[in-house]
2 protein chains.
Amino acid sequence: MQKAAIERNNETIAAQLTPVGRETVQDRVYSELRRALIGGLFEPNQVLTIRGLADALVTSTMPVREALGRLITEKALEALPNRSVRVPPITLERIDDLLRARSLIEGEAIALAATRMSQRQIASIEAMLGEWDEMRALKHKKDIDREATLNQSFHFEIYRCCGSAVLIPMIESLWLQSGPCIRVAIYAFSDAGEVDTAHYHRRIVAALASQDAQAAREALVADISRPFAYLRDKLQSTKELT
Amino acid sequence: MQKAAIERNNETIAAQLTPVGRETVQDRVYSELRRALIGGLFEPNQVLTIRGLADALVTSTMPVREALGRLITEKALEALPNRSVRVPPITLERIDDLLRARSLIEGEAIALAATRMSQRQIASIEAMLGEWDEMRALKHKKDIDREATLNQSFHFEIYRCCGSAVLIPMIESLWLQSGPCIRVAIYAFSDAGEVDTAHYHRRIVAALASQDAQAAREALVADISRPFAYLRDKLQSTKELT
DNA sequence: TCAAAGCAAGTGTGATCACAAATCAAAAAT
DNA sequence: ATTTTTGATTTGTGATCACACTTGCTTTGA
């Protein structure tokens with residue numbers, strides 16, 4: 001067979017196949033733990049053991065310990081002097097600290113995105129807004145997990161447009177760190193008659209549509225401040241009780 | 001022996017002993033690699049092998065691979081699809097990206113520090129300035145490693161005063177990422193008659209002493225911009241040649 | 001009755017091995 | 001002479017084991 005013919009044949013096959021990928025076990029463990037952390041499935045102060053997680057995830061200890069090590073360097077988990085690892089506790093200082101960092105960095109990211117997003121990209125996140133309303137319409141069963149996932153997609157869809165390969169991982173790290181905190185706040189929102197999250201998101205989309213970077217930044221800060229403010233009040237009041 | 005006497009005896013001993021610490025091998029490997037990365041001892045695009053590093057550091061592969069994994073999540077190293085790991089390459093976009101992120105975050109950190117630093121703390125970094133001049137006085141042997149270390153201490157001594165446990169690790173990650181880049185710039189500065197680094201640092205100290213957050217931010221941005229600007233020009237000119 | 005010592009189960013760390021995939025060089029084929 | 005194939009070496013990954021340290025409980029002693 002001639003060279004050109006072989007080449008052509010291979011290309012034809014390649015076009016029809018989707019890459020199978022080579023995700024390692026460690027990668028899967030890492031992703032799974034990330035998902036759990038951002039989703040707030042672990043409680044603050046909860047201690048995690050390597051063998052325990054390995055059993056739960058049905059693998060050996062090796063991938064788990066490396067995934068845990070990576071999460072510790074991201075400050076998503078905390079290594080105690082006992083060498084055991086736990087989900088970081090919530091303190092008032094930490095809440096303020098996280099909110100400040102998130103406002104700074106995510107604010108910058110959305111400001112950059114505001115000047116770069118194409119009509120097509122804006123339409124895409126606007127569509128997510130619609131999906132949100134749809135979900136709320138039939139919200140008899142308050143699907144909080146789905147809501148959190150949608151919220152995450154909405155934000156990161158925007159951040160991805162900022163064009164910075166450096167800022168995005170930092171934002172991911174910040175979400176990882178605030179995940180266990182804000183989960184309790186989201187629960188409370190859902191119970192308390194649901195202050196309109198969609199309203200804040202609409203404000204963000206409007207600012208992006210008009211390419212107003214400053215307005216977008218402010219709308220975003222308002223959006224992410226809410227759960228933190230709530231959590232802050234709650235923590236302060238429970239502290240007064242003790 | 002009575003209980004009180006034993007207690008007293010133990011306390012006497014404790015006062016004379018210094019804690020021995022329990023640093024693991026993995027921690028030492030991690031620190032060593034960090035040091036090398038920030039110091040620019042590794043070249044961009046250089047690939048690192050687990051067994052190679054383990055031999056160089058005289059340990060087994062286990063602590064090395066976990067340390068590498070941690071550095072990869074910090075974006076200090078890059079995992080290729082081949083599963084080999086390398087020092088990230090320098091591109092023009094990455095340089096601008098890193099500088100923007102560093103200006104944003106380190107600028108915020110120093111602005112916070114400006115409002116919080118005590119007289120004692122300011123005096124401490126002012127003393128480092130003197131140490132710098134001292135070193136430059138007898139700089140026949142241009143000790144570039146020492147200069148880089150001193151520069152790092154100067155900056156982080158300030159950042160540590162910002163009171164944010166969230167921002168500091170991010171700044172460390174940014175230094176880790178820019179280390180391999182700026183090393184080449186520092187070399188060039190040292191050769192090119194040494195534009196006065198100390199001048200920029202004095203500007204920073206002056207701003208901090210007068211608690212002028214905005215001035216401190218601007219002085220810092222000016223300081224860290226220099227090597228990046230130099231590197232940018234150099235990269236652009238070599239690119240034109242090819 | 002209560003504190004201290006002892007014991008047993010559990011946990012993180014590091015070393016080593018097996019295996020699959022990648023890399024490289026020499027040999028073979030066109 | 002260029003390309004392909006083959007085989008040997010290197011490399012990352014995951015599993016397993018040994019060891020030291022921690023923890024919680026039981027037992028012992030005053």
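In what follows, chains carry the letters A, B, and so on, assigned in the order in which the sequence lines appear, proteins first and then strands, with residues in each chain numbered from 1. From a predicted model like this one, the values you see are computed outputs, not experimental measurements.
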> How many Å lie between CE on B/Met62 and P on D/dC19, as a whole number?
Replying inline: 17 Å

>> Check this for me: does any side-chain nitrogen of one of A/Arg70 and A/Asp27 sit under 4.0 Å from a carboxylate oxygen of the other?
In response: yes

> A/Glu66 has an atom CD; how far is it from atom P of D/dA15, in whole Å?
Replying inline: 11 Å

> What is the nucleic acid contact for A/Leu68, judged by heavy atoms within less than 4.0 Å: base, sugar-phosphate only, or nothing?
Replying inline: nothing

>> If you assign each of A/Val85 and B/Pro81 to its closest nucleotide in DNA chain C, which residue comes earlier from the 5' end?
In response: A/Val85

>> Quick check for you: among D/dG14, C/dA15, D/dT11, whose closest atom lies nearest to any side-chain atom of A/Ser60?
In response: D/dG14

> Below 4.0 angstrom, N of the basic side chain to O of the carboxylate: do A/Arg100 and A/Asp97 qualify?
Replying inline: yes

> Starting at the 5' end of DNA chain D, which residue's closest nucleotide do you reach first, A/Pro63 or B/Thr49?
Replying inline: B/Thr49

>> Does B/Leu80 reach a base, just sugar-phosphate, or nothing at all? Heavy atoms under 4.0 Å.
In response: nothing

>> Under 4.0 Å, counting only non-hydrogen atoms across every strand here, what does B/Thr61 touch: a base, just sugar-phosphate, or nothing?
In response: base

> Is there a donor and acceptor pair, one atom on the side chain of B/Arg65 and one on the base of C/dG14, closer than 3.5 Å?
Replying inline: no

>> Given C/dG14, D/dA15, C/dG12, identify the nucleotide with an atom nearest to the side chain of A/Ile50.
In response: C/dG12

> When you measure from the centre of the six-membered ring of A/Trp175, is the NZ or CZ of A/Arg34 under 6.0 Å away and within 45° of the axis?
Replying inline: no

> Where does the angle between the aromatic ring planes of A/His155 and A/Tyr159 fall among parallel (under 30°), tilted (30 to 60°) and perpendicular (over 60°)?
Replying inline: tilted

>> Heavy atoms only, 4.0 Å cut-off, all strands: where does B/Arg22 land among base, sugar-phosphate and nothing?
In response: sugar-phosphate

> CG of A/Leu53 versus C1' of D/dG14: gap in Å, rounded?
Replying inline: 17 Å

> Does any N or O donor sit under 3.5 Å from an N or O acceptor when you compare the side chain of A/Arg51 with the base of C/dG12?
Replying inline: yes

> Any donor and acceptor pair, going by atom type alone, linking the side chain of A/Thr91 with main-chain N or O of A/Arg94 inside 3.5 Å?
Replying inline: yes

>> Does B/Arg83 reach a base, just sugar-phosphate, or nothing at all? Heavy atoms under 4.0 Å.
In response: sugar-phosphate

> CG of A/Asp27 versus C1' of D/dG12: gap in Å, rounded?
Replying inline: 12 Å

> Between atom CZ in B/Arg86 and atom C1' in C/dA22, what is the gap in whole Å?
Replying inline: 16 Å

>> Rounded to whole Å, how long is the line connecting atom CD of A/Glu23 with atom C1' of C/dA21?
In response: 17 Å

> Below 4.0 angstrom from OP1 or OP2 of C/dT23, is there any side-chain N or O of B/Asn82?
Replying inline: yes

